[in-house]
Amino acid sequence: MASASEGMSCYTIINPPEIELYNEMQIKQDLEKGEVNVKIETMKKVIQLMLQGERLPNLLMTIIRFVLPLQNHTLKKLLLIYWEIVPKTSPDGKLLQEMILVCDAYRKDLQHPNEFLRGATLRFLCKLKEPELLEPLMPTIRSSLEHRHSYVRRNAVLAIFTIYKNFDWLVPDGPELIANFLDTQQDMSCKRNAFLMLLHADQERALNYLASCLDQVSSFGDILQLVIVELIYKVCHANPAERSRFIRCIYNLLNSSSNAVRYEAAGTLVTLSTAPTAIKAAVSCYIDLIVKESDNNVKLIVLDRLIALKENENIERIMQELVMDVLRVLSATDIEVRRKTLALAMDLVSSRNIEEMVLVLKKEVSKTHNIEHEDTGKYRQLLVRTLHTCCIKFPDVAAAVIPVLVEFLSDTNELAAGDVLVFVREAIQKFSHLQPLVIEKLLEAFPAIKSAKIHRTTLWILGEYANSLKDIMEVIGVVNRALGEVPIVEAEQSRLAGNEAGEEEQKTTETTANSTNKVTSDGTYATQSAFSVAPVAKKVERPPLRQYMMDGDFFVAATLASTLTKLALKFIQLEPNEKKQNRLCTCAMLIMSSILHLGKSGLPTKAITNDDTDRIYLCLKTLTLQTPEIVEIFTQSCKNALANMLTAQSEEKAQEKKDKQQKNAAKIQPDDPIAFTQLANGKHDQLGENVFELSLNQALAGTKSTALTDVASPNSKLNKVTQLTGFSDPVYAEAYVHVNQYDIVLDVLIVNQTSDTLQNCTLELATVGDLKLVEKPHPVVLAPHDFCNIKANVKVSSTENGIIFGNIVYDTTFSSNVVVLNTIQIDIMDYILPASCTDTEFRTMWVEFEWENKVSVNTTLTDLHDYLRLLLKSTNMKCLTPEKALSGQCGFMAANMYARSIFGEDALANLSIEKPLDRPDAPVTGHIRIRAKSQGMALSLGDKINHTQKCLQEKSVAA
């Protein structure tokens, strides 16, 4: 039987299939006269029917007479489930007379020679809530503690534990009895259950036992060690003076053979002690667990624990010494584990160990060259970005890192090479002493680059930062080799003419023998005609820059023209010899004019675009006229723009870091007032840390918030109550919708507003969307003007809007009635959280995602920034466009937004809005494009935006 109630335990979960209509007389006949196999199947059907709300009171005596006496083990197990769910009391609350017979059967099973039956019956007695049934069985239960088999003994301990917890007067000497039992036991499972009872029933006895065997704890089984860790934590948390007594035991458990024990012991040690040795021991234990554990989920959980520890400033200082140990986790193959490890290492690294960390990362980089895996490209990107951050944070290591990273420029993975150039661009701007080294390495790598995009960026960097005469001449030499013979058109035409002459010659040789005789394997002749052989086209080998242009990519040609112009203008400023100046300018202008001629010649697969033509014409004009203002733009302004952009990025990161520190800083000062949980309505009243309570409350609170007050505050529930029926209906119902991480709990209050007793009052629910009802709520009986709470669990499997609907069915003395319930809307926002990604990742996902939903802006708001804030608030998305890019009023706005669901689904949005500047009262217009991998998420986000806009309009109309 499954119960969703938080106050009741959940014992046996059975998921019944759809059952056909049943015949009670046929069930009776099968139970009375059927074979054992028939009775087994019939009992299963009876249990499933009762779980679905059927009462079947007439079967009780039939089962007692014809099934209870049988000795079949399967039937015995089914009977235990049946006795668990069958009503044991009459409507007036008195125990049914028939249960006396059942109690006698329990007693016989407790004395059965088969240890399985005795143990299973003892386990079943843990679930009984009727002291009248348990009282006659107490002597037999106590005697089971001395049974020869450990299975019976450990279940007898559990039975005494639950009976003592619920009805202590039935076994008043329970703790003493179990303490004596614990002293004589050797079986580890029996000792664990006995110790668990003492932990909850008599902590003093548990402590005395633990103190007597502290030196033997490391030899205990893992199940007992886990309970010991829990006891030590609870005792030391309640009485800090006991810490010194037990902390050595926790130290010893860090070396346990069980990973679960080591994890719990490390968590307890960190909570009980802030000594550097304790923190080091716990963190080392966590790292060892990550390295040795094969399950990626475990690795991620322990990594999250390390990241959470780092948030404490005192612990962070100690963890900084263990950065090299943290980097051992990179041996894992999972990309998410590696990503979190590198992020953690970057947060912890200091000037003392940065050089060692860089050496490790360089080794990891070299490993990726020889291993081809689906995540190798992503891992290279992670390594490049981490080394980038290392160099910006610690400039001293940049000289050692740059040669390693520049090797990536020839990589086939364009994303990794792009990240390298982003780093090189920032390094060459910020560290002027490294400019000669960077230029040298870029010139070495330039011929091996395989991507047009990487070539474009490299050309821009070389054009901006080649400042000496030597560098300028070397860059122009490399460009000439990558471009090939100039003029390009004449060279290509001569090549074509040479190829055509070769083909003519080849044709004449082929026509002299247009067919050849070949001997087959069996000795016969076969004829092969020259016309049946497919001609093989020869691939023409061209220099890389020329190949891009022949393929129609003239954007790289525009970049090349800009680079040549910058180099020529710098050369003119540096070289006093006018003849050399003219020679270089002429060379540059020849290349540009040759590119223009090629673009319009028809030889490339695509002609040059107008934009690229205009750009190259502008460069030619600049070199011809050399106007001071334009020269200033080419030689200085581009570099200044990059400097401003990098400064803005660093300021934004610094601000984010400052905001994070302020958020994590202590908010309670010595003279602050005391906040009472029951009276609090906010989210800033964090209680003292209790790890067990905190973890439990975090599990209950899902992902929205982890503050204890968010869970405990009575006020928070009122915001999520949905009225299901009207106040004038005979049955009033309202539901509190509690959204957990992967399921929804409906706590439905049902009130009988009539003067009649409502029999079989049943809550019937159905769902629309990716929601699934886990179990059918059980029927209840409501006295006149009585009320009750019914709980239902709904499983959620994806991020999209869902609807729960249904009705309440009940019987009165004269008729059956139905009350239709209002629908419950499940909001997608409960599963979407703001997230961040890079521009490159955003663009990649934008191309990959196939579902797009375009939503038109329909609002009364007149300010672009107000509309963006409203959108971010209503969709739980994060704006990726920097604040500085959005500042000011120019009449239009474009912004990218990103969010991720708890199921790992990504949602992208692009906002494009505008308003005329000459009409201040004009509303914002435009559209929002939403892209997601699943159709449901794209549609649900669009519906949420439309609903928000509609509500805003209704408010403005009402105002």
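Worth saying up front: this structure is predicted, and the values here are computed from it rather than measured.
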Would you tell me whether [X] and [Y] have side-chain atoms, one donor and one acceptor, within less than 3.5 Å of each other?
X	Y	result
Arg900	Tyr898	yes
Asp611	Thr613	no
Gln953	Asn858	yes

For [X] and [Y], indicate whether the former's side chain and the latter's backbone hold a donor-acceptor pair under 3.5 Å.
X	Y	answer
Lys955	Lys950	no
Asn896	Leu880	no
Ser451	Lys453	yes
Gln435	Ile428	yes
Asp419	Val384	no
Ser901	Glu905	yes
Ser594	Ile488	yes
Thr838	Glu841	yes

(request) Show your reasoning for whether side-chain contact (heavy atoms from CB on, under 4.5 Å) applies to Val924 and Glu914. (result) CA-CA 6 Å; Val924 173; Glu914 62 180 352; over 6 Å; no
(request) Test Val794 against every option in Ile824, Val737, Ile804 by the side-chain contact (heavy atoms from CB on, under 4.5 Å) rule and name the one that passes. (result) Ile804
(request) Apply salt bridge (charged side-chain N to carboxylate O under 4.0 Å, His left out) to Asp866 and list each qualifying residue two or more places apart in sequence or on a separate chain. (result) Arg869
(request) Sequence neighbours left out, what passes salt bridge (charged side-chain N to carboxylate O under 4.0 Å, His left out) with Asp551? Give chain and number order. (result) none
(message) Once side chain to side chain donor-acceptor pair (under 3.5 Å) is applied, what residue pairs with a partner in residues 599-610 remain, sequence neighbours excluded?
(response) Thr609-Asp612
(request) Check step by step if side-chain contact (heavy atoms from CB on, under 4.5 Å) holds for Leu462 and Leu567. (result) CA-CA 9 Å; Leu462 290 172; Leu567 293 172; over 6 Å; no
(request) Apply side chain to side chain donor-acceptor pair (under 3.5 Å) to Glu651 and list each qualifying residue two or more places apart in sequence or on a separate chain. (result) Lys884
(request) Side-chain contact test, heavy atoms from C-beta onward, threshold under 4.5 Å: evaluate it for Leu560 versus Val556 and give yes or no. (result) no
(message) Can you confirm whether Arg615 sits close enough to Ser562 that some side-chain heavy atom of one is under 4.5 Å from a side-chain heavy atom of the other?
(response) yes
(request) Walk me through it: do Lys393 and Glu426 pass the test salt bridge (charged side-chain N to carboxylate O under 4.0 Å, His left out)? (result) CA-CA 12 Å; Lys393 200 172 178 182; Glu426 186 169 356; over 6 Å; no
(message) Show me the pairs that pass salt bridge (Lys or Arg N to Asp or Glu O under 4.0 Å) and involve residues 915-938, at least two apart or across chains.
(response) Glu852-Arg929, Glu852-Arg931
(request) To the nearest 0.5 Å, tell me how far Leu569 CG sits from Ile633 CD1. (result) 11.5 Å
(request) Calculate, to the nearest 0.5 Å, the distance between atoms OG1 and CG belonging to Thr948 and Leu871 respectively. (result) 8.0 Å
(message) Between Arg546 and Tyr548, is the side chain to side chain donor-acceptor pair (under 3.5 Å) condition met? List the steps.
(response) CA-CA 5 Å; Arg546 180 174 297 193; Tyr548 300 145; over 6 Å; no
(message) Taking the basic N atoms (NZ, or NE/NH1/NH2) and the acidic carboxylate oxygens, is any pair closer than 4.0 Å for Lys566 and Glu464?
(response) yes
For [X], I'd like to know if atom [atom1] has over 12 heavy atoms of other residues, nucleotides or ligands within 6.0 Å.
X	atom1	value
Phe555	CZ	no
Lys639	NZ	yes
His947	NE2	no

(request) Kindly give the heavy-atom pair with the smallest separation between Gly463 and Lys570, and that separation in Å. (result) O-NZ, 2.8 Å
(message) Centroid separation under 6.0 Å, is that true for the rings of Tyr736 and His738?
(response) yes
(message) Tell me whether the rings of His388 and Phe423 are parallel (<30°), tilted (30 to 60°) or perpendicular (>60°).
(response) tilted
(message) Per the ring pair (Phe, Tyr, Trp, His ring centres under 6.0 Å) rule, what does the pair list look like for residues 839-860, sequence neighbours excluded?
(response) Phe842-Trp846
